[in-house]
Protein chains: 2
Amino acid sequence: MTNRDKLLDATFIEVYKHGYSGASTAAILKSAKVPKGSMYHHFSSKKELVLGMVKERLIPKVRESFYIELHETSRAVDILNYLFKKISKNEMLVKHGCPLHKLMFEMGTLDDEITELCHNEFVFLTDNLTLILDLGKQNAEIIEKDSKSLAEFIIISSWGALSRSPNHSSKEQFLKDTKHIMDYIKI
Amino acid sequence: MTNRDKLLDATFIEVYKHGYSGASTAAILKSAKVPKGSMYHHFSSKKELVLGMVKERLIPKVRESFYIELHETSRAVDILNYLFKKISKNEMLVKHGCPLHKLMFEMGTLDDEITELCHNEFVFLTDNLTLILDLGKQNAEIIEKDSKSLAEFIIISSWGALSRSPNHSSKEQFLKDTKHIMDYIKI
DNA sequence: TCTACAATAGACCGACCAGTCTAATAATAA
DNA sequence: TTATTATTAGACTGGTCGGTCTATTGTAGA
């Protein structure tokens, strides 16, 4: 593994744990076992390092949990149940929330570029979910609502459900929350 | 206004804007126009200052938006519509999210005491909302669901709705999100 | 082999961090 | 008045911050 890869991995963990402000370059370098000169060779600043981490680590990871390829034969309700179940099995997500949501929330007041990058991914995820909901409406599985607004609501409320205090969040708790979403959207 | 009060006010703003890690004592002192010795006279550390701010500023402010006294004659649906409307009119909340949610989310990985204090307030708010929903069920205004779970879902998804990127959040957007909640819970 | 550039390595820098210290002043009680 | 305590005031400290600098090493082409 190259030093660049080690840096991106370590940055993901440090920023997820301590936030952007709380993540120090020293801690990232120590955890990655990479010298400082190497980091500033690959990235011009801490911000650029984090931008790279979002593009090459955070977004791919989030898609693993919140994105699913649509097939003509798919059933929308099945897809959603599958996604929620998969998310609920990811202990990291359940305990500490969606890393994209967490970073976007923190950076909202600190940096427009990082915030926008996160927001674009939110749009990508909702666009995908919108297609799934449209399919569900065609199949008469899902209530007749504006699909895009509904998709946004599902993601934003899932993120809310994942952002409870770590000591009081659990797989069961999350599934209870998403049950409300499913009860709402199913016909 | 005493220096202690000035400090708590400034701490609320700085922590809301920059998060706990990003809020420096120097910035707080400058904004409050209070010397350092005065701060460390009233509070033994930055953490104690923030704990005081949560108890004496953040929690009261959050209750203004998310808490409502219950009266026997109240209609649950009216109360919720009123609360959502009031929240939507608070530009600060709509743009930058619920400060309680934001702090709890950040501190989840950093400090148990602050996280717990925030979580306790989440419990307080849900307990209050649970009573309102119970009343709504009695009046046959609201679907038959576990009131506590429903109350938690309403608050957590409202917080999610408020935690969108500031450049893409608006009063209208928030009301669209909460419309889904209302459509779900109303009979 | 020589050349040129990419990457590694870490000492070093000024700025800023939370927190300490001592001194001065205001308020209160005897 | 005097003694005592609460509060204000800010200079100062050791450590950490993001970032710079120079030197060295690895690597690929001529």
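Naming convention: chains lettered A, B, ... in sequence-line order (proteins, then strands); numbering from 1 in each chain. Since the model is a prediction, treat every value here as computed from it, not as a measurement.
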Check the pair B:W159, B:F122 against ring pair (Phe, Tyr, Trp, His ring centres under 6.0 Å), reporting the backbone distance first and the verdict last. CA-CA 11 Å; B:W159 281 358; B:F122 169 70; 5.6 Å; yes
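- Straight-line distance from the CD atom of B:E14 to the C1' atom of C:dC17: 14 Å, rounded to whole Å.
- A cation-pi contact links A:K46 to A:Y20, judged by a cut-off of 6.0 Å to the six-membered ring centre and 45° from its axis.
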Contact list (N/O, under 3.5 angstrom) for nucleotides 8-12 of chain C vs protein:
{"from": "C:dT8", "atom 1": "OP1", "to": "A:N3", "atom 2": "ND2", "distance (Å)": "3.0"}
{"from": "C:dT8", "atom 1": "OP2", "to": "A:S38", "atom 2": "OG", "distance (Å)": "2.6"}
{"from": "C:dT8", "atom 1": "OP2", "to": "A:H42", "atom 2": "NE2", "distance (Å)": "3.0"}
{"from": "C:dT8", "atom 1": "O5'", "to": "A:N3", "atom 2": "ND2", "distance (Å)": "3.4"}
{"from": "C:dG10", "atom 1": "N7", "to": "A:G37", "atom 2": "N", "distance (Å)": "3.3"}
{"from": "C:dG10", "atom 1": "O6", "to": "A:G37", "atom 2": "N", "distance (Å)": "3.3"}

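- Here D:dA11 presents its P atom at 17 Å from OH of B:Y40, a figure rounded to the nearest Å.
- Taking atom CD1 of B:I28 as the reference point, atom P of C:dG19 lies 11 Å away to the nearest angstrom.
- Here C:dA7 presents its P atom at 14 Å from NZ of A:K6, a figure rounded to the nearest Å.
- When atom types are taken as modelled, the side chain of A:E106 and the backbone of A:S21 share a donor-acceptor pair closer than 3.5 angstrom.
- Within the nucleic acid shown, A:A23 comes within 4.0 Å of sugar-phosphate atoms alone, with no base atom in reach, counting heavy atoms only.
- One interatomic measurement links the two molecules: NZ of B:K30 to P of C:dC16, which rounds to 10 Å at whole-angstrom precision.
- A donor-acceptor contact closer than 3.5 angstrom is absent between the side chains of A:K95 and A:S165.
- When distances are taken from the side chain of A:K46 to each of D:dG19, C:dA18, C:dG19, the shortest belongs to D:dG19.
- The separation between A:K47 atom NZ and D:dG19 atom P is 11 Å, rounded to whole Å.
- What you find for A:A161 and A:F174 is that their closest heavy atoms are CB-CD1, 3.9 Å.
- Using modelled atom types, one finds no donor on one side chain facing an acceptor on the other under 3.5 Å when comparing B:S163 with B:H101.
- In this structure, A:S24 does not reach the D:dT16 phosphate: none of its side-chain N or O atoms is under 4.0 Å from OP1 or OP2.
- The separation between B:F43 atom CZ and D:dT7 atom P is 11 Å, rounded to whole Å.
- Looking at heavy-atom distances under 4.0 Å, B:S44 makes no contact with the nucleic acid at all.
- Between A:H96 and A:Y16, the ring planes lie perpendicular to each other; the angle is over 60°, past the 30° to 60° tilted range.
- Between the C1' atom of D:dT20 and the CE atom of A:M39 lies a distance of 12 Å, rounded to the nearest Å.
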